[in-house]
4 protein chains.
Amino acid sequence: MTDEARLPVPQRLLAAATRLFADQGYDRTSVQEIVEAAGVTKGALYHYFGSKDDLLHEIYGRLLRLQQERLDAVAGREASVESRLRDAAADVVVTTIDNLDDARIFFRSMHQLSDEKQKQVRAERRRYHERFRALIEEGQRGGVFTDATPADLVVDYHFGSVHHLSSWYRPEGPLSPQQVADHLAGLLLRALRP
Amino acid sequence: MTDEARLPVPQRLLAAATRLFADQGYDRTSVQEIVEAAGVTKGALYHYFGSKDDLLHEIYGRLLRLQQERLDAVAGREASVESRLRDAAADVVVTTIDNLDDARIFFRSMHQLSDEKQKQVRAERRRYHERFRALIEEGQRGGVFTDATPADLVVDYHFGSVHHLSSWYRPEGPLSPQQVADHLAGLLLRALRP
Amino acid sequence: MTDEARLPVPQRLLAAATRLFADQGYDRTSVQEIVEAAGVTKGALYHYFGSKDDLLHEIYGRLLRLQQERLDAVAGREASVESRLRDAAADVVVTTIDNLDDARIFFRSMHQLSDEKQKQVRAERRRYHERFRALIEEGQRGGVFTDATPADLVVDYHFGSVHHLSSWYRPEGPLSPQQVADHLAGLLLRALRP
Amino acid sequence: MTDEARLPVPQRLLAAATRLFADQGYDRTSVQEIVEAAGVTKGALYHYFGSKDDLLHEIYGRLLRLQQERLDAVAGREASVESRLRDAAADVVVTTIDNLDDARIFFRSMHQLSDEKQKQVRAERRRYHERFRALIEEGQRGGVFTDATPADLVVDYHFGSVHHLSSWYRPEGPLSPQQVADHLAGLLLRALRP
DNA sequence: GATGAATGAGTATTCATTCAT
DNA sequence: TATGAATGAATACTCATTCAT
């Protein structure tokens with residue numbers, strides 16, 4: 001609170017909204033609660049954001065941009081496809097856990113965005129999905145991964161487990177984010193062995 | 001509609017609520033919409049259900065009971081642990097797809113249940129989780145599955161992909177429910193190879 | 001108030017809205033003021049009326065129907081065209097004064113109706129206008145009225161003065177509604193002398 | 001727009017406000033819309049005008065001063081009272097049509113002025129009304145106009161039709177402003193024939 | 001069993017105005 | 001002169017639930 005209180009108003013609003021949306025869900029969080037938590041008035045919120053929906057969209061955008069950047073970096077590296085896929089699979093787990101509030105909102109409240117913004121988000125997610133799938137297909141073509149399962153399905157298999165993290169992962173649990181990431185990447189790579 | 005119109009009132013309400021909750025989400029669906037879709041009045045709804053929350057809880061219960069029964073049946077069969085796990089993993093995929101509206105509600109609206117009912121649901125899900133985990137541990141102890149990854153994490157890995165089905169599976173897509181189930185069970189079993 | 005308090009809720013709301021819209025204008029009157037004046041809650045208002053706009057529309061409809069009926073009756077009588085026009089011209093003045101609140105709302109707030117409802121009202125007013133114009137044209141064809149001025153313009157001339165009544169007429173003034181009506185009808189008829 | 005963009009800021013604001021008030025009504029037009037249309041900021045508006053109300057008052061003042069000047073000029077001419085009344089009656093029609101946006105605002109939004117400013121405007125209109133009435137009374141005393149109708153009522157009769165212009169006159173219609181003016185003045189003069 | 005009128009607390013959003021810069 | 005962030009009160013409308021019939 002004392003930390004956040006020093007931030008500029010828009011960031012303060014975004015931080016408050018993120019916490020509340022993650023805890024209570026988008027529909028259950030009122031604009032009034034957000035502005036109270038941020039220590040500003042409604043007028044200030046609507047000065048910076050066009051609507052409650054805009055806040056949600058901005059939270060999505062933040063996480064999407066972060067993960068897309070990291071995937072692009074990892075996938076573009078000079079290394080074996082196995083190594084790149086393992087790193088990509090593990091990295092998305094770590095960054096999801098590091099931004100667990102954002103992730104929880106992402107998977108729980110996406111369908112509460114306006115139709116128009118939902119379309120936009122879906123397009124960005126598709127780009128992410130396709131980049132990831134390309135890695136798998138590269139390995140399948142090279143024979144280092146089995147092609148027993150269509151690459152699309154493999155992507156959905158892995159991302160299901162990433163989404164699910166926000167349902168069960170607790171920071172106070174026995175496994176560090178990196179350990180969880182290594183395990184989940186390991187499962188994926190083993191499932192792809194020819 | 002003509003089918004549903006013949007059902008007894010409580011079932012008609014449940015069917016209408018399921019469709020609407022799946023399409024719009026729990027919070028976005030008003031009691032008025034439900035009773036209109038079911039062709040009854042508010043008084044009738046409150047005659048059979050104590051609250052809007054009760055409807056949601058009943059929808060959960062229906063799916064949970066179904067999947068628990070099927071898991072118990074499969075896990076109790078006389079067969080190798082590999083065969084039983086493969087069947088259990090595939091079965092939950094098929095029944096999830098067969099009840100995709102219920103599943104969508106399950107994963108999207110659970111946190112909108114009252115705290116008390118949420119606790120109850122969580123307890124039932126834990127029972128399901130534990131039964132599934134026991135199968136994996138059995139295989140690990142017998143050496144037919146690797147124990148590189150803790151059984152708990154494996155369960156979460158698989159159930160992540162099951163939850164995720166309601167985000168991407170479309171009946172009009174190229175894969176039948178059984179085909180998807182076989183692929184996902186295959187991935188799980190391959191990941192568990194020693 | 002004691003009178004109105006006994007009326008059914010919808011009429012009570014309409015009476016309260018009429019008084020307030022006439023006094024303060026549509027935009028300056030809040031739904032809260034209306035329900036307080038009617039002694040009910042907002043929920044009750046929205047139970048009977050879909051929107052604030054609906055109240056306004058209903059007030060219009062009431063006056064329009066009344067005046068259309070009376071014009072049709074007068075114009076359809078067996079009498080000279082001069083006599084029928086004089087009666088019609090005077091009658092609309094009297095009923096406007098008798099419903100001065102409705103009339104004030106009519107001329108001051110029509111453009112605050114939703115576009116869709118405005119269209120509807122305009123169509124109904126056109127019907128009224130045309131019936132009135134037909135009387136004038138009948139007299140012009142028969143030579144009892146001059147055709148120096150197009151009938152359309154004559155109708156607008158007269159209705160201008162009718163609309164204007166709500167700006168200046170005061171019940172406590174020196175002229176009774178009937179006296180005002182006779183004078184205004186007299187002016188019209190004199191202006192139409194060949 | 002390019003024309004207006006060159007005007008000094010206060011005139012630009014007044015021009016934008018006039019257009020918007022005429023189109024949407026005073027209450028439906030926000031200060032934000034006005035400053036955006038004028039290409040300035042809120043601070044600038046409040047630098048030149050004390051309030052939104054002031055803009056409306058200034059628009060009134062502009063039209064009132066114009067019409068008062070013209071009436072004084074016409075009424076003071078050396079000519080028969082018939083000729084002066086005809087010219088005055090026609091002139092107010094032409095200047096109303098030439099400033100139809102102002103006129104629309106005048107008749108539609110006057111009651112949205114603050115009480116104090118409304119009083120001021122009413123006093124100025126009364127002066128106008130009285131000057132016009134004096135012409136009619138002059139003709140009645142001289143026997144060139146009938147005194148069958150009180151002069152006050154005759155003024156209201158004519159001004160009703162002037163107010164009404166903003167409801168029906170369209171520049172693209174068949175009659176020019178001068179033609180409409182001649183017709184309406186003709187009706188008035190015929191109605192006053194002894 | 002079932003109705004539907006009524007409640008009352010809640011929702012997101014708008015807006016004229018102020019004021020430190 | 002002019003900015004634009006911020007206020008605070010108001011706005012129309014929604015909704016789960018109750019209850020007399």
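In what follows, chains are A, B, ... by sequence order, proteins preceding strands, each numbered from 1.
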Using residues 40-50 of chain B as the side-chain source, report each donor-acceptor pair under 3.5 Å to any protein atom, sequence neighbours left out, with the distance given to one decimal.
from     : atom 1 : to       : atom 2 : distance (Å)
Lys42(B) : NZ     : Gln32(B) : OE1    : 3.3

Would you mind reading off the distance between [X] atom [atom1] and [N] atom [atom2], rounded to a whole angstrom?
X: Tyr26(B); N: dA16(F); atom1: OH; atom2: P; value: 8 Å
X: Asp27(B); N: dG10(E); atom1: CG; atom2: C1'; value: 13 Å
X: Glu36(D); N: dG4(F); atom1: CD; atom2: C1'; value: 13 Å
X: Glu33(D); N: dT14(E); atom1: CD; atom2: C1'; value: 11 Å
X: Leu20(B); N: dA16(F); atom1: CG; atom2: P; value: 12 Å
X: Asp54(A); N: dT14(E); atom1: CG; atom2: C1'; value: 16 Å
X: Arg28(A); N: dG10(E); atom1: CZ; atom2: P; value: 15 Å
X: Gln112(A); N: dT11(E); atom1: CD; atom2: C1'; value: 15 Å

Point to revise | Salt-bridge contact Asp102(D)-Arg62(D) (side-chain N to carboxylate O under 4.0 Å) | key: yes
Point to revise | Nucleic acid contacts of residues 45-53 of chain C, taken as heavy-atom distances under 4.0 Å to DNA chain E | key: His47(C), Tyr48(C)
Practice item. Quick one: do His111(D) and Gln118(D) satisfy side chain to side chain contact (heavy atoms under 4.5 Å, CB included)? Show the steps, please. Key: CA-CA 7 Å; His111(D) 52 103; Gln118(D) 220 169 123; 4.2 Å; yes
Check your understanding: So, for Arg28(A) and Glu33(A), which heavy atoms are closest and what is the spacing to 0.1 Å?
Key -> O-OE1, 3.5 Å
Exercise for review: Name the pairing partner of dA20(F), where a pair is Watson-Crick or G-U wobble with both distances under 3.5 Å, or state none.
Suggested key: dT3(E)
**Study point:** For dA9(F), the Watson-Crick or wobble counterpart (both distances under 3.5 Å)
**Key:** dT14(E)
Exercise for review: Between Gly43(C) and Thr41(B), name the one whose nearest nucleotide on DNA chain E is closer to the 5' end.
Suggested key: Thr41(B)
Practice item. Take Arg12(B) and Glu36(B) through the salt bridge (Lys or Arg N to Asp or Glu O under 4.0 Å) test and state the conclusion after the steps. Key: CA-CA 11 Å; Arg12(B) 235 151 79 203; Glu36(B) 273 167 21; over 6 Å; no
**Study point:** Pairs where residues 105-120 of chain A contributes a residue and the test salt bridge (charged side-chain N to carboxylate O under 4.0 Å, His left out) is met, not counting sequence neighbours
**Key:** Asp53(A)-Lys117(A), Asp54(A)-Lys117(A)
Practice item. Ignoring hydrogens and angles, state whether a donor on the side chain of Ser167(A) or Arg104(A) is under 3.5 Å from an acceptor on the partner side chain. Key: no
Check your understanding: Do Lys42(B) and dT17(F) have a side chain to base donor-acceptor pair shorter than 3.5 Å?
Key -> yes
